[in-house]
Amino acid sequence: MKQALANLLSQVARILLYCGGLIVLIQASWISYGVFMRYVMNSPDGVVTEATALLLVPVAFFGLAYALYQDAYPKVTLLRDSLPPAIQAVVDRINLLIMVLTGAFFSTAACKATINSLFSGSASEILLWPRFYFWVPVALSLVVFTLFALVMLLNYKHPATEEAV
């Protein structure tokens, strides 16, 4: 059951990653269009700056769960690697617990912001895009990250024991 949930969350993390990549391609195209319009056509696009800035918010969070899945967060392991494997396992579990707690805090804040922005009807200043649209992917990304960190904590196996098998 836990492994099935881990597989499902890893697939969702991959989908979120691809969504982030698609937004980056859209931003790059839109910025290139804005530069072309401003300097070649001498007719600047008045929304490109705000649009690309707003799209940076979801992009910043889309890769969180996938980076955790790939163990791609920067780590300083000099001290940890010198410890016995049993202590390394404790340190790894504490690290995952901190990720779960931090993710839970930010997930709660993002979900609350999503609900508040939905009911307030707030929108961006120039484009008038509802802010709700930008909070949904942030909240979703943080919830997936938190669940994935929790599943990893519950399924934890020390890497040295996995290599021995």
Side-chain angles (χ1 to χ4, degrees), residues 1-31 49-120 122 124 131-165:
M1 175 66 180
K2 287 190 280 187
Q3 189 58 40
L5 182 59
N7 290 339
L8 174 67
L9 289 171
S10 67
Q11 292 303 316
V12 172
R14 191 179 306 272
I15 290 168
L16 290 172
L17 178 76
Y18 293 144
C19 289
L22 179 63
I23 290 176
V24 168
L25 288 174
I26 291 169
Q27 286 177 305
S29 301
W30 204 340
I31 290 169
T49 302
E50 185 183 18
T52 55
L54 287 171
L55 289 173
L56 281 176
V57 175
V59 166
F61 293 93
F62 271 141
L64 282 176
Y66 189 76
L68 182 60
Y69 172 67
Q70 292 293 320
D71 195 25
Y73 288 116
K75 294 180 184 178
V76 178
T77 60
L78 182 66
L79 179 61
R80 179 204 167 272
D81 290 346
S82 66
L83 298 171
I87 304 295
Q88 287 179 10
V90 171
V91 170
D92 291 346
R93 285 186 180 109
I94 290 171
N95 186 34
L96 284 169
L97 179 63
I98 291 170
M99 286 186 182
V100 169
L101 294 174
T102 305
F105 172 78
F106 285 112
S107 295
T108 304
C111 289
K112 185 176 178 181
T114 302
I115 292 167
N116 288 343
S117 66
L118 172 65
F119 291 122
S120 74
S122 63
S124 64
R131 293 203 183 272
F132 173 77
Y133 294 159
F134 301 97
W135 278 109
V136 168
V138 170
L140 177 65
S141 297
L142 285 165
V143 167
V144 170
F145 168 80
T146 304
L147 290 174
F148 199 71
L150 182 61
V151 168
M152 287 183 69
L153 177 61
L154 296 174
N155 287 345
Y156 180 80
K157 291 183 182 97
H158 191 277
T161 60
E162 287 180 359
E163 292 171 3
V165 173

Could you tell me whether the side chain of [Y] reaches within less than 4.5 Å of the side chain of [X], counting heavy atoms only?
X      : Y      : value
Tyr66  : Tyr69  : yes
Met99  : Leu153 : no
Leu64  : Tyr73  : yes
Arg131 : Leu54  : yes
Thr102 : Phe106 : yes
Asn95  : Arg80  : no
Thr114 : Phe132 : yes

Roughly how far, to the nearest 0.5 Å, is the [atom2] atom of [Y] from the [atom1] atom of [X]?
X      : Y      : atom1 : atom2 : answer
Gln3   : Leu8   : CD    : CG    : 11.5 Å
Ser117 : Ile115 : OG    : CD1   : 9.0 Å
Arg14  : Leu9   : CZ    : CG    : 13.0 Å
Ser124 : Tyr133 : OG    : OH    : 11.0 Å
Leu150 : Leu97  : CG    : CG    : 9.5 Å
Leu55  : Glu50  : CG    : CD    : 10.0 Å

Could you pull out the closest heavy-atom pair between [X] and [Y], with the gap in Å?
X      : Y      : answer
Phe148 : Leu68  : CD2-CD2, 3.8 Å
Ala6   : Val151 : CB-CG1, 3.5 Å
Ala104 : Thr108 : O-OG1, 2.7 Å
Leu96  : Ala149 : CD2-O, 4.4 Å

Quiz item: With a 3.5 Å cut-off and no angle check, do the side chains of Asp81 and Thr77 form a donor-acceptor pair?
Solution: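 Short answer, yes.
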N/O donor to acceptor pairs below 3.5 angstrom from side-chain atoms of residues 136-146, sequence neighbours left out:
{"residue": "Ser141", "atom": "OG", "partner": "Pro137", "partner atom": "O", "Å": "2.8"}
{"residue": "Thr146", "atom": "OG1", "partner": "Gly103", "partner atom": "O", "Å": "3.0"}
{"residue": "Thr146", "atom": "OG1", "partner": "Ser107", "partner atom": "OG", "Å": "2.9"}
{"residue": "Thr146", "atom": "OG1", "partner": "Leu142", "partner atom": "O", "Å": "2.8"}

Self-check item: CG/Leu25: more than 12 non-hydrogen atoms of other groups inside 6.0 Å
Solution: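 Atom CG in Leu25 is packed in, count exceeds 12.
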